[in-house]
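Here is the naming used below: chain letters follow the sequence lines, and residue numbers restart at 1 for every chain.
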There are 2 protein chains.
Amino acid sequence: MWAHKYNNNVRSNMSIQKKTTIQDIARHANVSVGTVDRVLHNRGSVMPEKKQRVEEAIKKLNYNPNALASTLAFKKQLLISALIPEATSFDGYWSLPKKGIELGVEKFKDFGLNLALQEFNLYDVSSFVKAAEAVLASNCQGVILAPIFKKESIDFIEKLEEKEISYVFIDLTIRNQNFLSYIGPHLKSSGLVAGKLFDSILNQNEELLVLNMRKEVENHSNVGIIEEGFRNYFEFNKGPKNRTIHTLNLNSMSKERVSGELKAFYKSHPNIKGVFVTNSRAHIAADFHRKMKLDIKIIGFDLVNKNIDSVKNGAIDFLISQRPVFQGTTAVETFFNHFIYKKNPEKVQNVPLDIVIKENIDFYLHANN
Amino acid sequence: MWAHKYNNNVRSNMSIQKKTTIQDIARHANVSVGTVDRVLHNRGSVMPEKKQRVEEAIKKLNYNPNALASTLAFKKQLLISALIPEATSFDGYWSLPKKGIELGVEKFKDFGLNLALQEFNLYDVSSFVKAAEAVLASNCQGVILAPIFKKESIDFIEKLEEKEISYVFIDLTIRNQNFLSYIGPHLKSSGLVAGKLFDSILNQNEELLVLNMRKEVENHSNVGIIEEGFRNYFEFNKGPKNRTIHTLNLNSMSKERVSGELKAFYKSHPNIKGVFVTNSRAHIAADFHRKMKLDIKIIGFDLVNKNIDSVKNGAIDFLISQRPVFQGTTAVETFFNHFIYKKNPEKVQNVPLDIVIKENIDFYLHANN
DNA sequence: ATTATATTTGTGTGCCCACACAAATATATA
DNA sequence: TATATATTTGTGTGGGCACACAAATATAAT
């Protein structure tokens, strides 16, 4: 027994069937729409028999609420805060998640979703603390958080939990049980991918360098995991070629410093044919290689402008991109689904690790990855 | 002079501002909502001066229609047909675009979007013709078309144009001026990517084989472009290593036939260390290599189940994936934007060419790529 | 000026749902 | 039995927009 209804706006077309509404349910169960509403939201009290009739009708007519009408009627607005670093001239990465967040908000603004963007300085803890306070003062319902500063983030999260504000981590995470979702890369796999690529493109006895460039203040636990994954690859895939892997930690990002240190290092290690840069600053090494006409391969992270240029001019061989824009839209979408559709997200939402080369980079730039 | 309005549902929060409505416009321009409506849709006639007042108010108050309320009031339903091959046991590729289309429809069903799926047999032209007739009989407003059969597709398109039904191409295209959009890969770049990868991972004097496997009936103009891109790479990047590239065309996909032909070919060409399979059947060659313990690299296309297995067991080194699921959702979204928001899409929407290896494949499987 | 016709404008209804409130019914208390 | 209280149910309104129709005004023809 079927309960089909054909739309008569379009000339009798089998494949267009109107969605059933609460009105339909009410008629079918011989109650008022108010009662149907009460059953749907288990609000108020309904006689057991009527409740059953309604539930049967819902099943039979395959009722699904119209999210449009629902949000239109549900007047409450939804405010999401985003607490992320601001993009700087020498590190434009965070412009990408930001773009994603803004795209997501744009998409859902008709649904009453609003954004309060709070950016902080990647190298200034106090700016984070200040921004966090602004978020706490804003009485928003959800927070998108990039927990760059571990200790301060944990303090912040505690206050969020007191106020029962839910939060998602974006791009990086800290061990913590109560976040709604983590949206970002699987760091260890990032290292594995780089390892596999280098192992494929290098010859037998060529050596590798892991290059960590960072400022003192930065939380570098992530970088550690990436390097761990990278080294793991070669441990588990030893095979005939037993590669030597060196590590160089630099506390500077200045062109001159890096160039100098690399020059010295290469001199004492002439067999190095590949450099794995564990953050988005591969272009610094790339520029040096290009200037010195060194035939050393580079693999790095992230489609920031200077890296893009280096891929296009051949100085960087592979970039691993972790869908920064997509991370942003996903974070917003996660909250939307959580609050509007009451669907709880997966705890960990790992983004694909895109392998970008000169030949496919344009498509990544154009799409909102 | 600003015209802000703060929502008072949420305790006075600066960042939540109600969207302006046609009511606001009407008040501001001192006309009725009917007149505003007329201006917005240039329906009916409006006195020039009032029209101007309304247009000014729209600009000043930064009015954007609420798509929710709009579609809720706009009762017309939208029917989209999808004319794509059905997935078969030995070629599951088309289950992925189909999944994407269904996801897209699911997402927009509240907006009155309906789908009429018409699948045809990849190896049976007559099934395509029949499905195309069904589409023409369905009086839909848009068609998602996979133009596998060139001649028949052109015939079909002619009839669509007579009936003024717009259509998009998905996954592959044919030269034609009137399609609304093409959503799919840039074929030549697919070849370039494969070329670059092989050039990186192979040694100096190792040779390459381009393996085309197809049934007679298939439209193979695409495969030609891919191979062209592949060979182009080596022409434009000759460098020191001048590679020899062979081509083997097989009119069969049977395990036995392929194995036999490959065996013979490798015997007469012992220097071949890489095979580029120009469609989704790389797993056939992979199984053969694995059985014979041959150390020959394989690059192929598409995340179909058997290819996935081969990547995981190491028999396929690289897969190039062209976001089949995303293609489907994008096609639906394109029509949605076209009909609901009246936004015309870009004529060509190229999807990224994802490079998939053992180390990152899981993330591609989990995401809806 | 008077009627007929064309143009312009305003009002009302429905789309589907959420929620407040009133009405109706049932149960408890005096 | 009458009154107070609790439980259950129905109706109405609003959210922003599209569209039909009626009302108002302007223009033409007599």
Side-chain angles (χ1 to χ4, degrees), chain A residues 5 7-9 18-54 58 61 63-78 109-113 339-342, chain B residues 5 7-9 16-54 57-58 61-78 109-113 339-342:
Chain A
K5 286 203 175 177
N7 186 324
N8 35 23
N9 289 325
K18 253 191 196 153
K19 286 187 59 168
T20 62
T21 72
I22 52 169
Q23 298 273 3
D24 299 326
I25 305 292
R27 258 194 303 276
H28 195 276
N30 199 31
V31 293
S32 73
V33 290
T35 303
V36 175
D37 181 76
R38 254 160 250 134
V39 173
L40 282 171
H41 301 81
N42 18 244
R43 144 179 46 253
S45 30
V46 181
M47 289 282 285
E49 40 172 341
K50 292 203 178 186
K51 183 172 179 179
Q52 203 191 328
R53 288 215 308 272
V54 169
I58 287 174
L61 303 187
Y63 171 78
N64 284 100
N66 182 327
L68 266 55
S70 177
T71 39
L72 192 60
F74 185 79
K75 290 174 281 280
K76 234 166 273 163
Q77 299 274 319
L78 189 60
K109 68 173 191 301
D110 285 338
F111 291 86
L113 186 64
F339 285 117
I340 307 289
Y341 287 112
K342 280 117 179 71
Chain B
K5 286 205 175 178
N7 185 326
N8 35 23
N9 290 325
I16 296 189
Q17 50 195 96
K18 255 191 194 153
K19 286 188 59 170
T20 62
T21 72
I22 51 168
Q23 298 273 2
D24 299 326
I25 304 292
R27 257 194 304 278
H28 194 276
N30 200 30
V31 294
S32 73
V33 291
T35 302
V36 176
D37 181 76
R38 255 161 249 134
V39 173
L40 282 171
H41 301 82
N42 24 239
R43 139 177 54 251
S45 29
V46 182
M47 289 283 285
E49 38 171 341
K50 293 203 177 185
K51 184 172 178 179
Q52 203 192 328
R53 288 217 305 274
V54 170
I58 288 174
L61 302 187
N62 184 30
Y63 171 77
N64 283 101
N66 182 327
L68 266 56
S70 177
T71 40
L72 194 58
F74 185 78
K75 289 173 284 280
K76 234 167 273 164
Q77 298 274 320
L78 188 60
K109 67 173 191 304
D110 285 338
F111 290 86
L113 186 64
F339 285 117
I340 306 289
Y341 287 113
K342 279 118 180 71

Examine dA18(D): is either OP1 or OP2 under 4.0 Å from a nitrogen or oxygen in the side chain of His41(B)? Give yes or no.
-> yes

So, is Arg43(A) near the phosphate of dA18(C), with a side-chain N or O under 4.0 Å from OP1 or OP2?
-> no

Should we count NZ of Lys109(B) as having more than 12 external heavy atoms under 6.0 Å?
->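 Atom NZ in Lys109(B) is packed in, count exceeds 12.
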
Between [X] ([atom1]) and [N] ([atom2]), how many Å, whole number?
{"X": "Leu40(B)", "N": "dA18(D)", "atom1": "CG", "atom2": "C1'", "answer": "11 Å"}
{"X": "Lys76(A)", "N": "dC17(C)", "atom1": "NZ", "atom2": "P", "answer": "18 Å"}
{"X": "Leu68(A)", "N": "dC17(D)", "atom1": "CG", "atom2": "P", "answer": "13 Å"}
{"X": "Asp110(A)", "N": "dC17(D)", "atom1": "CG", "atom2": "C1'", "answer": "12 Å"}
{"X": "Asp37(A)", "N": "dC21(C)", "atom1": "CG", "atom2": "C1'", "answer": "14 Å"}

Tell me, please, which residues at least two apart from Phe74(A) pass ring-ring contact (aromatic ring centres under 6.0 Å, His included).
->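 Once residues adjacent in sequence are excluded, Phe74(A) has no partner under the ring-ring contact (aromatic ring centres under 6.0 Å, His included) criterion.
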
Might you work through the side-chain contact (heavy atoms from CB on, under 4.5 Å) test for Asn66(B) and Thr21(B), ending with a clear yes or no?
-> CA-CA 8 Å; Asn66(B) 182 327; Thr21(B) 72; over 6 Å; no

Nearest atoms (heavy-atom pairs only) where Ala26(A) meets Ser32(A) |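 Smallest heavy-atom distance, with atoms named: CB-C, 3.9 Å.
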
For every nucleotide of nucleotides 8-16 of chain C, 5' to 3': is a protein heavy atom under 4.0 Å from its base (B), only from its sugar-phosphate (S), or from neither (-)?
-> SBBB--BBB

For nucleotides 26-28 of chain D, print each protein N/O atom paired with a nucleotide N/O atom at under 3.5 Å, atom names and distance only.
none

Could you check Ile25(A) against Val54(A) for side-chain contact (heavy atoms from CB on, under 4.5 Å), going step by step and ending with a plain yes or no?
-> CA-CA 7 Å; Ile25(A) 305 292; Val54(A) 169; 4.0 Å; yes

Only counting residues at least two apart or in another chain, list the ones meeting side-chain hydrogen bond (donor to acceptor under 3.5 Å, both in side chains) with Gln52(A).
->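 Testing Gln52(A) for side-chain hydrogen bond (donor to acceptor under 3.5 Å, both in side chains), a comparison that skips the adjacent residues, returns Glu56(A).
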
Sequence neighbours left out, what pairs pass salt bridge (Lys or Arg N to Asp or Glu O under 4.0 Å) with at least one residue falling in residues 64-73 of chain A?
->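 Salt bridge (Lys or Arg N to Asp or Glu O under 4.0 Å) check on residues 64-73 of chain A returns no pairs.
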
Please set out all donor-acceptor pairs under 3.5 angstrom arising from side-chain atoms of residues 37-47 of chain A, sequence neighbours excluded.
| unit_1 | atom_1 | unit_2 | atom_2 | d |
| --- | --- | --- | --- | --- |
| Asp37(A) | OD1 | His41(A) | ND1 | 3.4 |
| Asp37(A) | OD2 | Arg43(A) | NE | 3.3 |
| Asp37(A) | OD2 | Arg43(A) | NH2 | 2.8 |
| His41(A) | ND1 | Asp37(A) | O | 3.0 |

